[in-house]
Every structure is written in C-alpha cells, then in structure tokens.
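This report concerns only the one structure given below.
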2 protein chains.
Amino acid sequence: MALTRKSPTIQDVARHAGVSTATVSRALSMPERVSQATRERIAVAVTATGYTLNQAARSLRRQRAGTIVMAMPNAGNPYYSTILDAVLAEAGHRGYGVLVSNRVQGDPTIWLRDYFLSSRADGLLLFDITLDVSGMRRFMEERGNLPIVVVCDEIIEPGFNLVTSDNREATGRAVQHLVDLGHQHIGLVAGPTIHDYPNERTLGFRQALARHGLAMREDWIIAGDHSIGSGYQAGSQFVALDERPSAVVCANDEMALGFISSVQQAGLHCPRDVSVVGFDDIDMAQYVSPALTTMRQKRAELATISTSALIDIVEGVRDPAKPVRIILRCDLIARASTAPPKGAAVRPAREFRF
Amino acid sequence: MALTRKSPTIQDVARHAGVSTATVSRALSMPERVSQATRERIAVAVTATGYTLNQAARSLRRQRAGTIVMAMPNAGNPYYSTILDAVLAEAGHRGYGVLVSNRVQGDPTIWLRDYFLSSRADGLLLFDITLDVSGMRRFMEERGNLPIVVVCDEIIEPGFNLVTSDNREATGRAVQHLVDLGHQHIGLVAGPTIHDYPNERTLGFRQALARHGLAMREDWIIAGDHSIGSGYQAGSQFVALDERPSAVVCANDEMALGFISSVQQAGLHCPRDVSVVGFDDIDMAQYVSPALTTMRQKRAELATISTSALIDIVEGVRDPAKPVRIILRCDLIARASTAPPKGAAVRPAREFRF
DNA sequence: TGGCTGCATGTAATCGATTGCATGGAGGCG
DNA sequence: CGCCTCCATGCAATCGATTACATGCAGCCA
C-alpha cells in the first residue's frame with residue numbers, strides 16, 4: 001500500500017503563495033477582504049498543493065461543526081426516504097453535512113449529548129414522534145436554548161420549533177371522504193400512541209366520527225405501529241371480526257398496504273368489501289392494486305422547510321424568541337381503494353347522512 | 001432565550017478533580033492507565049460539571065473523525081432504507097457516526113474531497129453503482145490508500161474493497177426459475193448501464209438465455225433506471241409490443257412493482273398473462289398483489305459486513321494489502337407473480353429443454 | 001508637508017483534547 | 001542500603017484554522 005502522505009495544510013499554501021496563513025484563511029472564507037492579486041496567487045497555491053480544509057480544525061476554532069443531525073425512530077421505514085433525500089439536498093445546498101441517527105434506546109437526551117453537545121453537530125432535526133419531550137426540555141433549560149426543530153406527525157407542546165402536517169384535520173377529511181361515499185361504519189388502524197396518549201391522527205378520527213354522529217366501536221380501532229407487518233396483522237384481526245366496518249382509515253400507507261394485502265389474501269376484495277384510506281402518499285401508493293386512496297403529506301416540503309429553519313436558527317438568522325411553527329395541509333388523493341359501500345346503490349352524498 | 005452557557009471542557013473537569021488534563025484524558029480513553037481512586041474522582045467531576053467531550057478537538061488531535069460517509073446515488077429509494085438501518089446500527093455499535101451523502105453531480109471525487117480528505121470522515125461506504133472508478137483510482141493513487149468499501153450490485157475492477165451480491169449468477173437463477181416453469185420467451189426490464197457497459201444483472205440475463213438456448217430479442221430488453229416510475233413506463237412499452245414474452249425479469253423490485261401495476265392497469269393479468277420476477281426482496285414485495293417472486297438480496301448483511309470491514313480498515317485492523325472481497329449469494333423467493341405460461345398444461349420441468 | 005483614514009496583510013493567541021517525555025514515589029532485589 | 005524498575009501523574013507541545021489586534025503603506029485633504 002502506498003504511504004498515506006500527510007495532507008497539505010494552510011501553512012503549505014501560505015508558504016507556496018508567499019503570504020501568511022491569516023491571508024490564506026481570509027482568501028478562502030472572506031475573499032472580498034483580500035486583494036485581487038493575492039487572491040489569485042493563493043488560488044494557484046491551493047491547486048498546486050492540493051490543499052483541502054481540515055474541518056476538525058475549523059470546527060474547533062469556530063465552535064461550529066457544519067453538520068446537523070437527522071434523528072428518526074426507524075431509518076428502515078421507506079417513509080423517511082423522500083424526507084432524507086430532501087434534507088440532504090437542502091443541507092448540502094447550505095453547506096452542511098447530515099449525520100443520521102436512529103432511535104437510541106433509553107435516555108432520549110443521548111442524542112443531544114452524543115452529537116451536538118460534543119460539537120459533532122450544530123442542530124437537531126427530530127423526527128421521533130414518540131419521544132418524551134419532558135426530559136429534553138429539562139436538558140435544554142439547563143443548557144440554554146439548543147437548535148432543535150421537531151418535524152413529525154404530532155403537535156408537541158409549545159415552545160419547540162415545529163414543522164408538521166395538519167394531521168388531526170386531515171384525518172377528519174379522510175373520514176369525510178368515506179362518509180361522502182356513503183360509509184356509516186368506519187374503523188381505524190391506528191399508529192403508535194404517544195406516552196399512553198392517542199396520537200393526532202387517532203384523535204382526528206375520533207372527533208370526525210363524533211362530528212358525523214357515527215358510532216364509535218372500540219373493537220373497530222386496531223392498534224398498529226406504522227409497519228407494513230402491523231398493517232397485515234390488523235387485516236387479520238379485521239377479517240376475524242363478527243361485524244365489520246365497511247371502511248377503514250389507516251394511520252399510514254404502509255399499514256394500509258399490509259392491511260389490504262391481508263384482507264385480500266383472506267378472500268375479501270378492496271374496495272368492494274372494504275374501502276381503505278391511507279396516510280402519507282408514499283411513492284408506492286399509486287402503484288399497488290388497488291391504487292391507494294390516501295392523504296398526501298408534503299414530505300419533501302416538510303423536510304426542506306424544517307432543514308432550512310434549523311440552519312437559520314443555527315446561524316442566528318432567526319429570532320430564537322419566536323419559535324418556528326409551520327403546519328402544512330395534507331391533500332386527499334382519491335384512488336381505487338375507496339368506493340361506496342356494498343349495499344349502497346346511488347348515494348346522494350349529503351342527504352343520507354345521519 | 002437563555003444564554004448558551006459555555007460547555008465545560010476537560011480543563012474544568014481536571015480542576016474539579018484536582019488532577020491534570022492529561023490524567024482526565026487518560027481516564028476517559030485508557031482507564032486502565034489510571035489508578036482506581038483517581039478514576040473515581042474524575043468520574044464524579046465529569047457528572048458534576050456535565051462535561052462532554054469536544055469531538056472537533058479530539059478529531060483534530062487524533063487525526064481521525066470518528067465518522068464514516070455513506071454515499072448513495074439516491075437516498076429517496078426505499079431500497080436503501082434497510083441498508084441505512086443496518087449501517088447505522090453497526091457504525092453506532094463501533095462508536096462511529098454516519099454522514100449521509102447523496103449523489104453529487106459532476107466530479108465523483110467530490111465526495112473524497114468534501115468528506116474525508118477534509119477530515120470530516122475517516123472512510124467511505126460507496127453505494128453508487130454508476131460511479132466512474134477511474135477518476136477515483138487516480139485520486140487514490142495520488143493520495144495513498146484511502147479507506148473505501150464499495151457496496152453495490154456491480155463487480156468493480158479489482159483492487160477495491162468490495163462487498164456485494166452474486167448478481168450475475170442470481171439473475172441466471174431467476175431465468176432458470178422461469179424456464180423451469182416452462183417459459184421460453186423471456187424479457188428484461190434492465191437497470192441503468194454503467195458507462196455504456198451493461199450491468200451485471202443484464203449480463204447475467206443474457207448469459208442465462210444463451211445457456212438455455214433461448215432467443216434473445218433486443219426489443220424485449222427494456223431500459224429502466226431502478227425507479228418505480230421507470231418500471232411503470234416499461235410496462236407501457238411491454239403492453240405495446242406486437243409480440244410479447246410470457247415472462248420478464250426486472251432488475252429490481254421497484255421496477256417490478258411499477259411494471260405489474262402498469263400491465264394490470266392495461267388489462268393484462270399477472271401472472272396469467274405475464275410472469276414477473278423482481279430483484280432485492282424489498283419489504284413491500286410480499287405485501288403487494290400478486291406477491292412478488294424475487295431474488296432476495298441480503299441487504300442487511302451486506303450493510304453490516306461492509307460497515308464493519310470499513311471500520312476495520314480505518315482502524316488499521318485489517319491488512320490493506322488484501323482488499324476485502326465478499327460476495328453474498330441471493331436466494332429465490334418464489335411467490336405469486338410467477339406461474340407457468342398460459343398455453344402450458346402440465347410441464348415436465350427439465351425434459352422440454354434441449 | 002503633516003496628519004488622518006482605510007485597506008491589505010502579518011503576528012500570535014486561541015479553540016480543547018491528546019500524548020511523548022519527564023518526574024517522583026513505591027516497591028523489589030542483591 | 002543502594003540501585004533499578006514500574007506505575008501514576010504532570011508538563012507542555014501539538015493538531016490546523018481562525019481572528020483580534022497591530023502594522024505599514026497609499027491616498028487624501030488642509
């Protein structure tokens with residue numbers, strides 16, 4: 001193996017260009033402060049020596065890592081693919097690297113310690129919807145404000161920077177869609193609860209049923225964990241019910257796909273025997289059969305906006321006294337997995353309700 | 001907003017414990033070199049001060065970042081979800097952070113410069129199958145050996161550390177499976193080519209057809225780019241063919257799903273009208289209908305092995321003179337998307353082949 | 001011409017942890 | 001008892017870039 005030659009440093013460039021390291025440094029990060037001629041000589045020296053900046057040294061001196069952490073509960077979930085893509089794009093655009101971190105067991109503040117308290121990263125993009133924020137808050141109060149943006153499906157207590165979707169309302173609109181089709185019996189495949197508290201989508205579902213005067217049957221609310229497998233299991237539970245709803249709302253697309261797969265395998269037909277609405281509109285949703293009706297979440301926008309906001313905070317561009325609070329609207333994408341219930345002939349959308 | 005108090009440093013800990021910074025440093029990274037009593041005093045001081053190590057300073061001094069880069073062509077592809085998950089787990093386990101990087105346009109060596117030449121990272125896990133290696137090789141020769149492990153679908157020229165699947169053979173087995181079912185007319189939805197050179201899966205397909213003495217029709221080889229959308233388009237092209245093969249091999253699952261969706265929408269039925277084999281066995285594959293027959297790629301293993309190997313190289317554990325070269329076997333997972341061709345009644349698998 | 005302004009550049013301290021070398025003390029052995 | 005070894009610890013240089021402050025020079029105006 002060839003010997004790893006030592007990387008050229010700013011000293012080498014300075015020597016080569018016949019200037020001081022201070023000038024080289026300035027030429028690189030504040031070019032307008034250096035004369036045209038010197039700038040050019042330095043540019044030549046940089047290419048001649050093959051100089052690359054040592055980020056560790058810069059971080060140490062500047063007290064800034066040039067890196068953000070994207071923390072998620074489960075990187076294995078394809079839901080995050082689009083998000084990751086957009087986060088990378090925006091962060092790269094602004095000159096930041098992205099460290100990715102999966103859920104850590106135990107103390108949630110481990111992220112804080114491990115990454116940006118150790119000046120490995122400057123900010124945290126937090127996608128973990130099941131995180132206990134109280135521990136974090138205590139930690140933040142001890143340390144002063146830390147640049148964190150929560151990006152997720154849930155409305156977190158105020159004071160945090162938040163970029164999210166209108167999950168509660170959107171779930172209501174999903175129910176509305178089914179009601180408009182004539183459904184009176186609607187079930188839910190729910191996502192994980194947040195510390196024994198139902199999440200926003202579940203809440204939205206319950207409220208919508210109440211608003212429409214529809215019966216709420218607890219055995220029609222099936223617990224899932226957002227994975228395809230849990231949707232599949234929910235499907236089995238659904239099939240085994242004595243009395244089945246004519247439609248279900250699934251708290252995300254993956255569960256919806258698993259659910260449909262499961263009931264179809266059991267001999268039921270979607271949407272004839274059961275209409276299914278998903279949530280998120282993952283890439284796959286339009287390519288399965290039946291194509292999935294779903295609430296589209298603007299994942300790329302959520303990612304871009306939150307990343308940009310986080311970097312603004314890190315760079316002090318944004319007034320930290322005013323926390324970010326952005327809620328994007330989801331859109332219903334009606335596809336083939338929803339239809340009027342079996343019995344219904346023609347159904348005048350509104351008149352039949354209650 | 002609270003003032004961001006300055007982070008405690010090793011100096012603070014030293015003062016608090018009444019020892020020198022050298023001792024604190026040693027207590028933290030080589031505990032056996034410090035006496036029991038001092039170690040305990042330091043532990044107390046660490047919690048008392050709330051000390052966290054400054055990674056930038058450590059990196060600078062140690063000339064090691066404690067970070068690896070995972071570089072992929074397209075983070076938006078869910079294929080990488082499982083891989084990312086496993087990479088994070090293994091890297092975390094060994095105490096490394098993971099920087100994620102998407103394909104960069106232009107010069108491929110930008111990854112090298114941007115990340116680990118600038119001591120932002122110590123090694124590179126390279127998933128980009130369409131990368132031009134010649135530029136990289138030149139770069140590496142200039143600089144001495146750099147810790148890079150290529151993890152991908154392609155056999156790259158020797159000299160690189162490589163962890164991959166037996167793509168060529170596996171594609172052959174996919175063809176074998178179809179032949180065993182009685183198919184004589186087989187098409188391909190191909191992945192992207194590598195610098196005008198067909199990739200391993202395409203090669204494996206061609207070779208297998210030849211081995212079985214089957215006709216090779218160029219209009220039955222449809223180009224795709226591994227995205228669902230391109231599979232969908234390939235489906236449209238397929239439907240428009242004058243004469244259609246009775247089965248197709250798709251170079252990955254996503255294209256297979258898009259393909260099936262497309263032909264089903266056009267009124268064809270899978271597997272009755274066309275059998276489809278995918279590649280990878282992504283999570284979704286078993287939950288679509290028809291469930292997808294596919295070659296399972298051991299993605300998690302590939303990720304774990306390659307990450308571990310990379311870190312070994314970084315830490316000098318592994319002899320750099322012997323490049324890593326690990327090829328994992330893929331397994332056929334037969335599901336519902338493949339069946340005997342329409343005409344075939346009972347088909348004695350082998351006898352018909354000549 | 002003298003003094004002032006302002007620009008380009010240099011000098012040197014600094015960021016925080018690591019580590020080679022030095023030191024001092026305890027213990028062992030002849 | 002004297003010398004040698006070894007262990008625990010301290011001292012101080014070091015990693016490479018940044019930046020506050022100093023310097024020196026050119027240009028301008030009175």
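In what follows, chains carry the letters A, B, and so on, assigned in the order in which the sequence lines appear, proteins first and then strands, with residues in each chain numbered from 1.
As a whole-Å value, the separation of A:Arg64 CZ from D:dT18 C1' is 13 Å. In this structure, the CZ atom of B:Arg26 is 11 Å from the P atom of D:dA8, given to the nearest Å. One atom, CZ of A:Arg41, and another, P of C:dT9, lie 8 Å apart when rounded to the nearest Å. The separation between B:Ile42 atom CD1 and D:dA8 atom P is 13 Å, rounded to whole Å. Put simply, CZ on B:Arg15 is 13 Å from C1' on C:dG16, counting in whole angstrom units. One atom, CE of A:Met30, and another, P of D:dT19, lie 7 Å apart when rounded to the nearest Å. With rounding to whole Å, A:Gln36 atom CD is found 17 Å from C:dC7 atom P.
Checking B:Glu315 against B:Tyr96 by side-chain atom types alone, a donor-acceptor pair falls below 3.5 Å. Side-chain contact, B:Asp12 with B:Thr49: no donor N or O sits under 3.5 Å from an acceptor N or O.
Residue-level contact check: A:Thr38 touches the backbone only, with heavy atoms under 4.0 Å from sugar-phosphate atoms and none from bases. Within 4.0 Å (heavy atoms only), A:Thr23 reaches sugar-phosphate atoms of the nucleic acid but no base atom. Within the nucleic acid shown, B:Val19 comes within 4.0 Å of sugar-phosphate atoms alone, with no base atom in reach, counting heavy atoms only. Backbone-only engagement by A:Leu53 is indicated by non-hydrogen atom pairs under 4.0 Å involving sugar-phosphate atoms exclusively. Nucleic acid contact for A:Val24: none, since no nucleic acid atom lies under 4.0 Å from a heavy atom of the residue.
In terms of phosphate contacts, A:Tyr51 brings no side-chain nitrogen or oxygen within less than 4.0 Å of OP1 or OP2 of D:dG16. Distances shown here put a side-chain N or O of B:Ser35 below 4.0 Å from the OP1 or OP2 atom of D:dT9.
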Query raised in the report: Should B:Tyr80 and B:Asp85 be marked as a side chain to side chain contact (heavy atoms under 4.5 Å, CB included) after you check the CA-CA gap, both sets of side-chain angles, and the distance that decides it?
Result: CA-CA 8 Å; B:Tyr80 290 108; B:Asp85 203 33; over 6 Å; no
What nitrogen or oxygen pairs link the protein and nucleotides 12-15 of chain C at under 3.5 Å?
from	atom 1	to	atom 2	distance (Å)
C:dT14	O2	A:Arg61	NH1	2.5
C:dC15	O3'	A:Gln63	NE2	3.2

N/O-N/O pairs, protein side and nucleotides 25-28 of chain D side, under 3.5 Å:
none

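Residues passing the side-chain hydrogen bond (donor to acceptor under 3.5 Å, both in side chains) test with A:Glu40 are A:Gln36, sequence neighbours excluded.
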